[in-house]
S.K.: 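I'd like to ask some things about the structure below.
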Amino acid sequence: MSSALQMTALGLVLLSTLFLLLATCTDCWMVNADDSLEVSHKCRGLWRECVTNMQDGVRTCDQYDSILADHPVKIVVTRTLLITADLLAGLALATLLLGLDCIKFLKEEPRVKLKMCYGAGVTLSIGSILGLVGSVWYAVDVYVERAMLVSHNIFLGVHYDFGWSCWLGMAGSTGCFVASILLTCCLY
């Protein structure tokens, strides 16, 4: 039972960490949501903004000036929280790998290995909360921005909706949280 639970948690941590890393690196946190005759598809990410021409498929991206430049608070906070969540998920993954029963590292110390799995679960829970707060913060800010424009009857020609990167961040954080519950509550 313990080995099956560990393997389930390992698979979930691997997939969730991959989702978090992809969410941090990709460009579609916000995507244009117009149903009009658009000839381009616009995505905004944490690091750059990209436009894809729908007729010929050409994609051009504009990098943001600098990491240290003046950026909106939602970008700075989301970057910080997701990078921290990525680092914590990676640390938890390494700790979990060393704590698995099937790994020969510290084979004669089962209590230490169990504590390593528990520590990986605690680290994952912290990382998952940070990742979820960052992803939800960004999504709520996109929604509030759009709601403010609609309530003031302002139409700028394009409005944005949640992109797939935002959903990946939420899915990765949720997966890490479920894995942390498996490692801290069910395994111990």
Side-chain angles (χ1 to χ4, degrees), residues 8-35 41-52 59 61-96 119-151 156 158-186:
T8 303
L10 177 65
L12 193 54
V13 171
L14 280 170
L15 185 65
S16 300
T17 302
L18 177 67
F19 281 2
L20 275 174
L21 287 170
L22 285 174
T24 305
C25 299
T26 53
D27 303 322
C28 271
W29 279 79
M30 290 170 56
V31 63
N32 63 328
D34 284 341
D35 293 326
H41 178 55
K42 299 173 185 116
C43 283
R44 286 187 185 167
L46 301 177
W47 310 103
R48 61 188 177 170
E49 184 173 342
C50 295
V51 178
T52 305
R59 180 181 169 140
C61 294
D62 291 329
Q63 298 276 21
Y64 296 145
D65 293 336
S66 166
I67 293 176
L68 303 174
D70 257 353
H71 294 293
V73 174
K74 73 178 172 187
I75 289 179
V76 174
V77 169
T78 305
R79 280 180 183 174
T80 304
L81 290 172
L82 279 170
I83 289 171
T84 307
D86 292 342
L87 293 173
L88 288 173
L91 176 66
L93 180 61
T95 307
L96 177 61
V122 170
T123 305
L124 268 176
S125 67
I126 296 168
S128 68
I129 290 169
L130 293 177
L132 200 55
V133 166
S135 300
V136 170
W137 167 294
Y138 196 94
V140 166
D141 197 61
V142 169
Y143 176 77
V144 167
E145 180 181 324
R146 186 175 62 183
M148 292 298 288
L149 292 175
V150 169
S151 69
L156 300 175
V158 64
H159 70 275
Y160 288 90
D161 206 356
F162 314 133
W164 57 270
S165 297
C166 188
W167 293 112
L168 267 181
M170 289 182 205
S173 299
T174 304
C176 284
F177 190 72
V178 170
S180 74
I181 290 173
L182 286 176
L183 292 171
T184 54
C185 299
C186 301

S.K.: So, for G163 and V31, which heavy atoms are closest and what is the spacing to 0.1 Å?
M.R.: CA-CG1, 4.0 Å
S.K.: Is it true that a side-chain atom of S125 and a backbone atom of V122 form a donor plus acceptor pair closer than 3.5 Å?
M.R.: yes
S.K.: Where the side chain of W167 meets the backbone of A23, is there a donor-acceptor pair that is under 3.5 Å apart?
M.R.: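 No, the answer is negative, given that no donor and acceptor are paired below the 3.5 Å cut-off.
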S.K.: Could you report the tightest heavy-atom contact between K42 and V51, atom names first, then the distance?
M.R.: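 Minimum heavy-atom contact is CG-CG2, 4.0 Å.
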S.K.: Which pair of non-hydrogen atoms, one from L12 and one from A179, has the smallest distance, and what is that distance?
M.R.: CD2-N, 3.6 Å
S.K.: Quick one: side-chain contact (heavy atoms from CB on, under 4.5 Å) partners of L15, sequence neighbours excluded?
M.R.: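 Scan of L15 (side-chain contact (heavy atoms from CB on, under 4.5 Å), adjacent residues dropped) gives F19.
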S.K.: I'd like to check the side-chain contact (heavy atoms from CB on, under 4.5 Å) partners of L87; sequence neighbours left out, ordered by chain and number.
M.R.: I83
S.K.: Taking the two cysteines C28 and C43, do their sulfur (SG) atoms come closer than 2.5 angstrom to each other?
M.R.: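 Yes.
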S.K.: Holding to disulfide (SG to SG under 2.5 Å), I want the full list of residues that pass it with C25, two or more places apart in sequence or in another chain.
M.R.: none
S.K.: Taking all heavy atoms of L81 and all of L130, pick out the closest pair and write down the distance.
M.R.: CB-O, 3.5 Å
S.K.: So, using ring pair (Phe, Tyr, Trp, His ring centres under 6.0 Å) as the criterion, who are the partners of F177 when residues are at least two apart?
M.R.: none
S.K.: Under the side-chain contact (heavy atoms from CB on, under 4.5 Å) rule, collect the residues that match up with L18, sequence neighbours excluded.
M.R.: L22
S.K.: Any pair with a residue in residues 165-174 that passes salt bridge (charged side-chain N to carboxylate O under 4.0 Å, His left out), sequence neighbours left out, goes on the list, sorted by first then second residue, please.
M.R.: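 Pairs touching residues 165-174 that pass the test: none.
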S.K.: C50: what forms a side-chain contact (heavy atoms from CB on, under 4.5 Å) with it, not counting sequence neighbours?
M.R.: D27, R48, R59, C61
S.K.: Identify, with sequence neighbours excluded, every residue that meets side-chain hydrogen bond (donor to acceptor under 3.5 Å, both in side chains) alongside S165.
M.R.: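 Scan of S165 (side-chain hydrogen bond (donor to acceptor under 3.5 Å, both in side chains), adjacent residues dropped) gives T26.
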S.K.: What are the two closest heavy atoms between S180 and L124, and how far apart are they?
M.R.: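 Where S180 meets L124 most closely, the heavy atoms are CB-CB, 3.8 Å.
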S.K.: State, with a plain yes or no, whether a side-chain heavy atom of L20 is found less than 4.5 Å away from one of C176.
M.R.: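 A side-chain contact exists here, since the closest heavy-atom pair is under 4.5 Å.
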S.K.: Under 3.5 Å, side-chain donor or acceptor atoms of residues 131-142 against the rest of the protein: list the pairs with distances, not counting sequence neighbours.
M.R.:
unit_1 : atom_1 : unit_2 : atom_2 : d
S135   : OG     : G131   : O      : 3.0

S.K.: Please collect all side chain to side chain donor-acceptor pair (under 3.5 Å) contacts where either partner lies in residues 82-96, sequence neighbours excluded, each pair once.
M.R.: T24-D86
